[in-house]
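For reference, the structure is listed below as structure tokens.
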Amino acid sequence: MKKTIVTFVTAAVLAVPSLSFAAETQFSDITNHPAAPYIQFMQSKGMVKGTGNGQFHPDMKMDLKHLNRLLTRVSGKEASLTMTHRVAVIKGIVDLFGLNSAAEALTVEETTALLSAYNDQQDIPDADRKAVAYLVQQGVLVPAEENNQLRPHQEITRAEAVTLLAKLAQKNLITLNNSPELADKMMDAKQTSMNMKQGMMKEKMAKMMAEQQTRIMQMEKMLSTMNGEQKEKMMQLIKDMKAMMAEMKMMMAESGMMGQTGQPHPTGHKM
């Protein structure tokens with residue numbers, strides 16, 4: 001009887017689809033891309049999922065939302081970078097993965113020597129120089145591979161971000177999070193909470209603006225019964241209230257409460 005149960009359990013386990021990402025089909029748009037080995041490595045670890053339709057869009061600029069999702073997935077800790085230009089991402093990665101102590105241990109002379117290969121090293125902000133130098137020292141950043149141009153203030157691409165993380169992992173400088181799906185759920189839960197709060201705020205703002213608009217209409221009707229200084233003061237008050245409403249609308253648009261224009265990012269919630 002015990003043997004029968006063991007056989008049944010074994011067969012059931014073998015029947016469960018593998019959760020490994022190694023068997024996933026290679027992205028169709030990275031075949032001849034120099035970052036392909038690193039993208040494939042991170043795909044095999046479940047760290048990247050592509051943009052859908054079997055593509056990755058390696059040379060697309062990485063937006064902030066997807067950058068933080070990637071870093072959270074890889075580190076297992078919530079990432080909250082605020083900029084996507086290359087040097088800011090490098091510094092953010094060094095800080096997020098606890099490599100800043102090793103980077104700060106570099107002397108000014110060592111930092112200068114390590115960065116000397118970059119023709120644009122003078123454009124690297126002082127606060128970020130040691131983080132960049134440390135990755136050069138560790139062979140994660142190789143000036144010769146990028147024509148000796150760091151391009152510190154250029155927005156990072158999807159391939160560049162993934163390459164940095166893959167190299168760090170392959171050199172055992174960071175440990176990849178073994179539960180990327182859990183990190184995704186954490187980010188999704190936070191986004192849902194933010195959406196709910198934003199929705200409630202949007203309703204309050206909309207109600208407030210509707211009430212303000214009603215007051216303006218009532219005041220405009222009163223203008224016909226006024227004259228002289230009293231009328232001028234009322235007209236100025238109406239003008240100020242309309243300006244305030246315009247400012248509120250602008251704030252709502254900037255915060256995303258009134259929707260965004262332009263084409264949606266093709267990655268959706270993926271990375």
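Please read these numbers as outputs of a predicted model, since none were measured by experiment. Quick note: residue numbers are just sequence positions, from 1.
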Answer yes or no: is there a side-chain heavy-atom contact under 4.5 Å between [X] and [Y]?
| X | Y | answer |
| --- | --- | --- |
| Leu176 | Met42 | yes |
| Val142 | Lys167 | yes |
| Arg158 | Val162 | no |
| Asp128 | Pro152 | no |
| Leu96 | Val74 | no |
| Glu160 | Arg151 | yes |
| Ile216 | Met245 | yes |
| Tyr118 | Asp123 | no |

Interatomic spacing from [atom1] in [X] to [atom2] in [Y] - rounded to 0.5 Å:
| X | Y | atom1 | atom2 | value |
| --- | --- | --- | --- | --- |
| Gln138 | Asn172 | CD | CG | 11.0 Å |
| Met62 | Asp59 | CE | CG | 12.0 Å |
| Gln43 | Ile39 | CD | CD1 | 9.5 Å |
| Met226 | Met234 | CE | CE | 3.0 Å |
| Leu223 | Gln230 | CG | CD | 9.5 Å |
| Leu115 | Ile124 | CG | CD1 | 4.5 Å |

Should we count [atom1] of [X] as having more than 12 external heavy atoms under 6.0 Å?
| X | atom1 | value |
| --- | --- | --- |
| Asn147 | CG | no |
| Gln236 | CD | yes |
| Met235 | CE | no |
| Glu247 | CD | no |

Hydrophobic cluster membership, [X] vs [Y], 4.5 Å side-chain cutoff:
| X | Y | result |
| --- | --- | --- |
| Ile174 | Tyr38 | no |
| Met208 | Met241 | yes |
| Leu64 | Met47 | yes |

Pair Gln218, Arg215: side-chain N/O donor-acceptor within cut-off below 3.5 Å: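 The answer is no; no qualifying pair exists.
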Spell out, as yes or no, whether a donor-acceptor pair under 3.5 Å connects the side chain of [X] to the backbone of [Y].
| X | Y | result |
| --- | --- | --- |
| Arg86 | Gln154 | no |
| Lys130 | Glu104 | yes |
| Arg129 | Thr112 | no |
| Asp120 | Gln149 | no |
| Thr72 | Ala79 | yes |
| Asn177 | Arg73 | yes |
| Glu110 | Thr107 | yes |

The test is side chain to side chain contact (heavy atoms under 4.5 Å, CB included); show your working for Val94 and Val132 and say whether it passes. CA-CA 9 Å; Val94 167; Val132 176; over 6 Å; no
Do you know the tightest heavy-atom contact between [X] and [Y]?
| X | Y | result |
| --- | --- | --- |
| Met83 | Val89 | O-CG2, 4.1 Å |
| Ala131 | Lys91 | CB-CD, 3.6 Å |
| Asp63 | Thr84 | C-CG2, 4.0 Å |
| Phe56 | Thr51 | O-CG2, 3.5 Å |
| Asn148 | Ala144 | OD1-N, 3.6 Å |
| Ala35 | Thr163 | CB-OG1, 3.4 Å |

Test applied, side chain to side chain contact (heavy atoms under 4.5 Å, CB included); reference residue, Tyr134; option that passes from Leu141, Val140, Leu106, Thr111: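 In the set Leu141, Val140, Leu106, Thr111, the residue that makes a side chain to side chain contact (heavy atoms under 4.5 Å, CB included) with Tyr134 is Leu106.
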Under the ring pair (Phe, Tyr, Trp, His ring centres under 6.0 Å) test, residues paired with His33 that sit two or more places apart: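 If we apply the ring pair (Phe, Tyr, Trp, His ring centres under 6.0 Å) test to His33, skipping adjacent residues, there are no hits.
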